[in-house]
Number of protein chains: 2
Amino acid sequence: MSRVANGIRSTGHPLSGNLFTELQSDILRGRLKQGEKLSEQQICDRYGLSRTPVREAFRQLELEGLIETIPNRGAYVLGLSERDLSDLFEMRKAYEVLAVKWAIERITEEEQEKLEEAYEFMEFYTMKGEADKMLNINMQFHNLIYKASHNRMLEHTLSTYQLYLKETESNSAYLDGHLEQVLMEHKKIFDAFVSKDPEAGAVAVAAHLDNAKARSK
Amino acid sequence: MSRVANGIRSTGHPLSGNLFTELQSDILRGRLKQGEKLSEQQICDRYGLSRTPVREAFRQLELEGLIETIPNRGAYVLGLSERDLSDLFEMRKAYEVLAVKWAIERITEEEQEKLEEAYEFMEFYTMKGEADKMLNINMQFHNLIYKASHNRMLEHTLSTYQLYLKETESNSAYLDGHLEQVLMEHKKIFDAFVSKDPEAGAVAVAAHLDNAKARSK
DNA sequence: AATTGTATTCTTGTATACAATTATAGGCGT
DNA sequence: ACGCCTATAATTGTATACAAGAATACAATT
């Protein structure tokens with residue numbers, strides 16, 4: 001089955017299944033600006049597709065709140081303001097707390113093994129001081145928790161938020177010089193999985209995200 | 001502008017803009033069952049539409065997590081389990097708390113007037129003992145808070161959750177005999193708007209939703 | 001000069017046609 | 001009878017064609 005994380009389908013045409021993702025990224029990165037009109041034909045020409053897949057992508061972007069479509073008039077980019085992003089961080093925190101609680105209650109053995117493996121990679125990269133690899137494994141660690149929560153909507157929403165924050169933030173090296181600190185925060189989270197203590201996990205995740213926000217400033 | 005609450009567009013054809021809503025409702029109400037295959041042609045025949053609008057609706061349902069589509073194979077109903085709904089309630093609570101906090105900080109005068117008006121209707125219907133009208137105004141009251149949070153995504157998500165829980169729950173008369181209690185809970189929420197105390201609002205909303213969950217059992 | 005009415009053009013909404021992939025059924029051999 | 005292969009049918013993915021509504025330009029009138 002060729003299904004990828006975010007429910008993105010990869011089909012024959014090189015861009016068809018990814019058009020939604022492509023436009024999403026363009027909006028989040030600011031390549032498409034607030035208020036800009038998105039003509040279907042224009043997108044067709046740019047990506048070499050017909051209107052059918054373009055319209056499907058538009059409907060999805062509309063549902064995600066990234067564009068607004070007015071009947072018989074067209075689609076307009078909405079984008080995210082600074083406050084939207086700040087809000088998104090809080091929304092993410094609220095859901096991460098739920099996710100870790102449920103994950104600790106519901107995680108399977110295989111999933112916990114993968115989480116342990118991810119944590120061990122974090123230890124390794126911290127030792128080696130590789131901040132960029134740390135960023136990647138950090139994302140994986142959190143995604144494993146989302147999956148272990150065994151709630152499709154929560155998993156999907158948190159993955160989307162992660163993408164939004166990743167695409168917009170300039171967190172290229174925001175954890176340089178904080179690697180040990182970050183590792184310690186994840187250790188507390190992982191420990192909560194070992195001791196099967198949802199409340200401890202919730203506290204650890206909330207603290208981790210608060211610190212992450214402070215670091216990104 | 002003919003745009004409705006949930007971003008639903010109403011166009012020429014009687015069902016086109018509502019097909020997504022229609023299928024959403026069918027899945028939530030259990031008319032379309034878990035695992036059932038959704039053939040595009042079958043939906044076209046049933047609703048008298050061509051495949052283009054049907055596919056657009058499918059893409060949206062997929063994004064909402066109500067169906068799963070496998071490339072070149074088709075769409076399958078996912079539906080919501082008992083645990084999913086219980087989880088949804090918790091997710092809603094987490095977001096309602098954020099919404100009320102932000103709403104208290106950001107509400108405009110006009111919005112607060114509308115909220116007050118809604119609350120006064122609640123007092124009126126409580127006095128008259130009209131439980132069904134109370135259910136409606138209750139929804140409106142919460143929707144006004146969502147809107148006053150001035151965060152599109154939060155507003156949209158909470159509206160969707162409200163729909164999900166409303167469509168699935170059999171809360172026809174779950175607040176019969178609890179009208180005074182429900183009114184009191186909303187008074188505490190509204191008071192927090194008057195005194196502009198976000199934390200008090202958060203506490204009041206959390207308590208209200210916990211009680212609502214207890215009542216629905 | 002400003003405004004209103006109209007015709008034209010452009011864009012979206014929907015339907016249909018074609019291509020590609022997958023499922024199915026029947027025949028063949030073992 | 002069972003499994004495998006091939007041919008056919010069915011379904012999805014994409015492109016194009018047609019219909020309906022909105023925006024624009026322009027002329028006529030005040």
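Bear in mind that the values here come from a model prediction, so they are computed numbers and not experimental data. Just the heavy atoms: all of them, side chains too, but no hydrogens, waters or symmetry mates, feed the values below. Protein chains get the first letters and strands the later ones, always in sequence-line order, with residue 1 at the start of each.
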Check: B:Arg73 side chain, D:dG13 base, donor-acceptor under 3.5 Å: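 No, no donor-acceptor pair under 3.5 Å.
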Using atom [atom1] of [X] as one end and atom [atom2] of [N] as the other, report the distance to the nearest whole Å.
| X | N | atom1 | atom2 | answer |
| --- | --- | --- | --- | --- |
| A:Ile70 | C:dT11 | CD1 | C1' | 13 Å |
| B:Glu40 | D:dT12 | CD | C1' | 6 Å |
| B:Ile43 | C:dA15 | CD1 | P | 15 Å |
| A:Glu56 | C:dT12 | CD | P | 16 Å |
| B:Leu38 | D:dT11 | CG | P | 13 Å |
| B:Gln42 | D:dA10 | CD | C1' | 14 Å |
| B:Gln41 | C:dA17 | CD | P | 12 Å |
| B:Asn18 | C:dG13 | CG | P | 14 Å |

Residues [X], [Y]: salt bridge by 4.0 Å N-O rule:
| X | Y | answer |
| --- | --- | --- |
| B:Lys213 | B:Glu90 | yes |
| B:Glu22 | B:Arg46 | no |
| B:Lys147 | B:Glu111 | no |
| B:Arg152 | B:Glu155 | no |
| B:Glu62 | B:Arg59 | yes |

Terminal helix-axis angle for the helix from C:dA1-D:dT30 to C:dT30-D:dA1, with five pairs defining each axis and rounding to 10 degrees: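 Nearest ten degrees gives 0° for this helix.
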Candidates C:dA15, D:dG13, C:dG13 - which lies nearest the side chain of A:Asn72: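 Among the listed nucleotides, the one closest to the side chain of A:Asn72 is C:dG13.
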Candidate nucleotides C:dT14, C:dT11, D:dT16, ranked by approach to the side chain of A:Lys37 - the nearest: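 When the side chain of A:Lys37 is considered, C:dT11 is the closest of C:dT14, C:dT11, D:dT16.
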side-chain hydrogen bond (donor to acceptor under 3.5 Å, both in side chains) partners for B:Ser86, two or more places apart: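 B:Ser86 satisfies side-chain hydrogen bond (donor to acceptor under 3.5 Å, both in side chains) with no other residue.
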Distance test, side-chain N/O of B:Arg51 to OP1/OP2 of C:dA15, below 4.0 Å: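 Checking B:Arg51 against C:dA15: no side-chain N or O falls below 4.0 Å of OP1 or OP2.
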Under 4.0 angstrom between A:Ser50 side-chain N/O and D:dA15 OP1 or OP2: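 Yes.
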Result of checking B:Leu28, B:Ile27, B:Leu80 against B:Glu167 for side chain to side chain contact (heavy atoms under 4.5 Å, CB included):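 Exactly one pass, corresponding to B:Leu28.
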